[in-house]
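Heavy-atom basis, side chains included; hydrogens, waters and symmetry copies ignored. Count residues from 1 along the sequence.
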Amino acid sequence: MSNLGNDNKVMSIFSKVMDAVILGVLWLVCSLPVITVGAASAAFYYAYNKCVCQERGYAWTAFFTGFRSNFKQATLLWLGLLGMLAFTFLDYQILNAYSGVFPIVKVLMGFMIAAFVYLLLWGLYVFAYISRFEVETKAVVRITAAMVLQNTLWMAMLLVVFVVLVVGVFLVPVIGILVPAIYMVAANQILERVFKKYMTPQDAEKEASYTA
């Protein structure tokens, strides 16, 4: 009986690993059009949290359920984020051209760097949020913008994980296929600690009654 129990645990772990990798591959494929990165990211978090963490339903089915249900909102948020990131990057480049002429420009450049990092953190956060909570878009922006500032330590940890994995892909490209799954394992551990603080009784009830 002991060996059987150990075998079941090994199979359960192997199944979760495979589901995470499959979801990572689905995220990569569905992100290729670029415009769908937001919807794919929301779907990835939704499916990972439900199927890998809670062991409810099937990864493939849950991914596309999350993709469809979050597509409109996630795409709108993604395009807005992409535009703001491009704006801060271009502003930085313009300011950099005048940094040797006006000393105050360096202060503005520092502000642009801070804004870019904040937007990146918000992007790592917001698509997971909309996959967990049903909130209208304006409220999502307001709530998540505040959450990032209220949980700076957790957000800094998330950013470190993201940067380390991006650097890892540049150094060892072959691991790229596994990086989304590795990131999601770490991100889920961090973000769920944050989300639990904001869950209402209604959110908890809905989660308990979830069926994929």
Side-chain angles (χ1 to χ4, degrees), residues 16 19-20 22-24 26-27 30-31 35-85 117-162 180-212:
K16 289 182 177 182
D19 279 346
I22 289 169
L23 289 172
L26 286 174
W27 176 82
C30 292
S31 294
I35 195 174
T36 56
V37 169
S41 298
F44 191 3
Y45 194 91
Y46 173 85
Y48 180 87
N49 190 60
K50 298 300 181 184
C51 301
V52 178
C53 297
Q54 300 180 28
E55 300 183 49
R56 298 180 179 185
Y58 299 96
W60 181 282
T61 303
F63 182 91
F64 287 106
T65 296
F67 190 91
R68 288 192 299 271
S69 63
N70 292 297
F71 182 83
K72 183 177 180 180
Q73 187 177 46
T75 301
L76 180 63
L77 290 166
W78 166 244
L79 292 177
L81 173 62
L82 207 56
M84 289 186 291
L85 286 171
V117 172
Y118 175 81
L119 288 169
L120 182 59
L121 277 171
W122 182 73
L124 295 176
Y125 188 92
V126 69
F127 301 111
Y129 180 85
I130 65 173
S131 78
R132 298 284 276 111
F133 304 97
E134 291 184 9
V135 183
E136 68 101 18
T137 304
K138 288 183 180 179
V140 167
V141 174
R142 184 181 69 252
I143 293 168
T144 54
M147 282 184 174
V148 172
L149 295 175
Q150 292 166 1
N151 298 277
T152 52
L153 179 59
W154 290 117
M155 296 304 99
M157 290 176 62
L158 186 62
L159 182 61
V160 168
V161 170
F162 178 80
I182 296 170
Y183 169 79
M184 186 54 66
V185 171
N188 183 264
Q189 291 295 315
I190 293 170
L191 292 173
E192 286 305 305
R193 283 172 168 79
V194 176
F195 292 156
K196 295 296 182 186
K197 298 190 296 183
Y198 299 93
M199 287 183 70
T200 65
Q202 291 79 12
D203 293 326
E205 183 180 349
K206 181 179 178 180
E207 183 169 282
S209 63
Y210 169 84
T211 54

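The distance from atom CD of Q189 to atom CG of L158, rounded to the nearest 0.5 Å, is 12.0 Å. Interatomic distance, L82 CG to I35 CD1, rounded to the nearest 0.5 Å: 9.5 Å. Distance CD1/I190 to CD/E192: 11.5 Å, rounded to 0.5 Å. Here the CG atom belonging to D19 is positioned 12.5 Å from the CH2 atom belonging to W60, to the nearest 0.5 angstrom. Note that the CE atom of M84 and the CG atom of L120 stand 12.0 Å from one another [nearest 0.5 Å]. One finds the CZ atom of F64 at 4.5 Å from the SG atom of C30 (value rounded to the nearest 0.5 Å).
For L76, the CG atom counts as densely surrounded, since its 6.0 Å shell holds more than 12 non-hydrogen atoms of other residues, nucleotides or ligands. More than 12 non-hydrogen atoms from other residues, nucleotides or ligands lie less than 6.0 angstrom from NZ of K197.
S131 and A128 get closest at one heavy-atom pair: OG-O, 2.7 Å. Contact detail for L81 and G123: the closest heavy-atom pair is CD2-CA, 3.5 Å. In terms of heavy atoms, A186 sits closest to V161 at CB-CG1, 3.8 Å.
Here the side chains of F127 and N70 are not in contact, with every heavy-atom distance at 4.5 Å or above. Considering only heavy atoms from C-beta on, R68 comes within 4.5 Å of T65 through its side chain. With contacts defined as side-chain heavy-atom distances shorter than 4.5 Å, the pair W122/L149 does not qualify. Under the 4.5 Å side-chain criterion, counting only non-hydrogen atoms from C-beta, N188 is in contact with C53. Residues Y129 and V135 form a side-chain contact, since some pair of their non-hydrogen atoms from C-beta on lies under 4.5 Å apart. V194 places a side-chain heavy atom less than 4.5 Å from the side chain of M155. In this structure, F71 and T36 have side chains that are in contact, with non-hydrogen atoms separated by less than 4.5 Å. A heavy-atom distance below 4.5 Å is found between the side chains of S41 and W27.
Taking the centre of each ring, Y45 and Y125 stay at or above the 6.0 Å mark. Aromatic ring centres of F195 and F133: separated by under 6.0 Å.
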field: Residues L23, M184; criterion side-chain contact (heavy atoms from CB on, under 4.5 Å); working and verdict
entry: CA-CA 10 Å; L23 289 172; M184 186 54 66; over 6 Å; no
query: Should M199 and R132 be marked as a side-chain contact (heavy atoms from CB on, under 4.5 Å) after you check the CA-CA gap, both sets of side-chain angles, and the distance that decides it?
result: CA-CA 10 Å; M199 287 183 70; R132 298 284 276 111; 4.0 Å; yes
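T144 contributes no side-chain N or O that, together with a main-chain N or O of V126, makes up a donor-acceptor pair within less than 3.5 Å. Under a 3.5 Å cut-off, the side chain of Y118 and the backbone N or O of A145 do form a donor-acceptor pair.
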